[in-house]
Amino acid sequence: MEYILDTACIADIRHCNEFYPISGVTTNPSIIAKENRDFWAILKDIRDVIGPDKILFAQTIRKTADGIVEEAKLLNERAGGEFGVKIPIGEEGLKATMALKKLGIKVLMTAIFTPAQALVAARAGADYVAPYVNRLDNISGSGAEVVAEIVETFALYGLPCKVLAASFKNVEQVARCATAGCHCVTLSADILKAVISHPMTDAAVAGFDSDWKSVYGEKTILDL
Ligand code: E4P
């Protein structure tokens with residue numbers, strides 16, 4: 001499973017790009033608006049941090065298929081490296097996806113809440129679908145079960161579309177997506193940090209440190 005960062009905060013992207021094996025960055029209009037500065041400058045700053053090979057996703061704003069395609073073409077031109085356009089599922093979005101497929105622009109069909117929506121998106125040629133795990137859990141659904149069903153359905157029909165699960169609020173949601181065979185998850189920096197944190201790990205490392213120091217003091221291997 002690939003880890004992607006779901007933010008436009010440059011400090012978080014810089015940190016996670018250095019310390020975690022992330023394959024790219026996803027944004028959406030809400031994430032971009034939170035930064036409250038020039039849109040193109042945000043994309044450029046993200047690209048400067050992640051380099052040309054990691055994938056950057058940005059979402060279209062126009063509502064008609066033609067408008068979505070024009071925005072996607074412009075984003076793809078200016079993204080300066082590996083790029084995927086995020087398009088919310090809907091009739092116009094599906095029409096745009098079929099057109100963008102012919103142009104070779106990668107599409108992440110977003111705002112997915114059911115396996116049925118995901119299947120239609122994949123058939124239209126979407127490279128990725130983004131089911132919203134936490135938002136499903138919040139309405140007494142099961143985000144992880146929806147992810148599992150989408151993964152199974154794509155495998156059943158041999159569809160190459162990847163499941164890029166989004167909207168996470170805790171580590172358990174991420175773990176359940178991983179066991180479901182989800183291809184990618186996009187997480188905030190806080191959730192990514194929480195994934196590797198465990199109090200037992202901290203206790204184990206503290207034990208190693210104190211046992212070592214009881215014999216070798218402050219010396220490290222390089223000092224011996
Ligand atoms: C990604 O495609 C989504 O835009 C995002 O992860 C939604 O997350 P939220 O439910 O925390 O807003």
Side-chain angles (χ1 to χ4, degrees), residues 1-10 12-13 16 20 22-36 39 42-43 46 50 54-63 68 71-72 75-76 79 82-90 92-94 96-97 100 105-115 117-118 120-122 124 126-147 150-151 154 161-178 180 182-195:
M1 187 172 76
E2 291 178 38
Y3 295 92
I4 297 176
L5 204 56
D6 198 24
T7 184
C9 168
I10 301 303
D12 283 350
I13 295 169
C16 292
Y20 294 83
I22 61 165
S23 356
V25 169
T26 48
T27 65
N28 65 32
S30 310
I31 285 171
I32 293 285
K34 213 164 142 190
E35 300 305 304
N36 195 18
F39 172 71
I42 295 172
L43 292 196
I46 297 174
I50 65 175
K54 293 188 181 180
I55 192 160
L56 170 59
F57 291 94
Q59 192 164 319
T60 51
I61 301 299
R62 293 220 175 167
K63 301 294 178 217
I68 293 167
E71 283 189 336
L75 284 164
N76 188 52
E82 190 64 12
F83 174 74
V85 63
K86 283 178 75 176
I87 304 174
I89 186 149
E92 299 287 338
L94 287 167
T97 299
L100 290 166
I105 295 177
K106 289 197 177 102
V107 174
L108 162 54
M109 190 132 264
T110 193
I112 297 284
F113 288 87
T114 68
Q117 287 179 316
V120 177
D127 300 276
Y128 302 85
V129 289
Y132 285 12
V133 174
N134 187 63
R135 294 193 197 193
L136 277 161
D137 289 352
N138 274 350
I139 54 163
S140 305
S142 169
E145 276 173 27
V146 168
V147 166
I150 298 172
V151 169
F154 286 180
C161 185
K162 287 185 177 176
V163 182
L164 191 162
S167 177
F168 289 94
K169 288 292 170 282
N170 63 60
V171 170
E172 177 62 17
Q173 292 167 332
V174 181
R176 291 193 61 207
C177 285
C182 187
H183 307 99
C184 326
V185 287
T186 188
L187 310 173
S188 68
D190 284 350
I191 300 291
L192 188 54
K193 287 175 192 177
V195 166

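Just so you know, ligand 1 is whichever comes first in the structure, and atom 1 is the first atom listed for that ligand. Keep in mind that the numbers below use all heavy atoms, side chains included, and drop hydrogens, waters and symmetry copies.
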Worksheet item: Are Glu92 and Arg62 close enough for a salt bridge, meaning some N to O gap below 4.0 Å?
Response: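 No salt bridge links Glu92 with Arg62.
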At a 4.0 Å threshold, what atoms of ligand 1 neighbour a non-hydrogen atom of [X]?
| X | answer |
| --- | --- |
| Lys86 | 1 (C), 2 (O), 3 (C), 4 (O) |
| Asn28 | 3 (C), 4 (O), 5 (C) |
| Arg135 | 7 (C), 9 (P), 10 (O), 12 (O) |
| Thr110 | 2 (O) |

Discussion item. Ring centres under 6.0 Å, that's the criterion: do Phe113 and Tyr132 meet it?
Written reply: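 Yes - the distance between ring centres of Phe113 and Tyr132 falls below the 6.0 Å cut-off.
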Discussion item. Could you check whether Phe83 and Phe57 have their ring centres less than 6.0 Å apart?
Written reply: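 No.
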Worksheet entry | Within-cut-off N or O pair, Tyr132 and ligand 1, under 3.5 Å |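 So ligand 1 has an N or O lying under 3.5 Å from an N or O of Tyr132.
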Worksheet item: When rounded to the nearest 0.5 angstrom, what is the spacing between OG1 in Thr7 and CG in Leu187?
Response: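 The distance works out to 11.5 Å.
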Worksheet item: Does even one non-hydrogen atom of Lys169 get within less than 4.0 Å of ligand 1?
Response: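 Contact present.
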Worksheet item: Is there a heavy atom of Asp6 sitting under 4.0 angstrom from any atom of ligand 1?
Response: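 A heavy atom of Asp6 does come that close to ligand 1.
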Worksheet item: Can you find a side-chain donor-acceptor pair between Thr26 and Asp6 that sits under 3.5 Å?
Response: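 Yes, side-chain donor-acceptor contact under 3.5 Å.
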Practice prompt. Can you spot which of Ile61, Ile87, Val85 makes a side-chain contact (heavy atoms from CB on, under 4.5 Å) with Glu71?
Written response: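 By the side-chain contact (heavy atoms from CB on, under 4.5 Å) criterion, Glu71 pairs with just one of Ile61, Ile87, Val85: Ile61.
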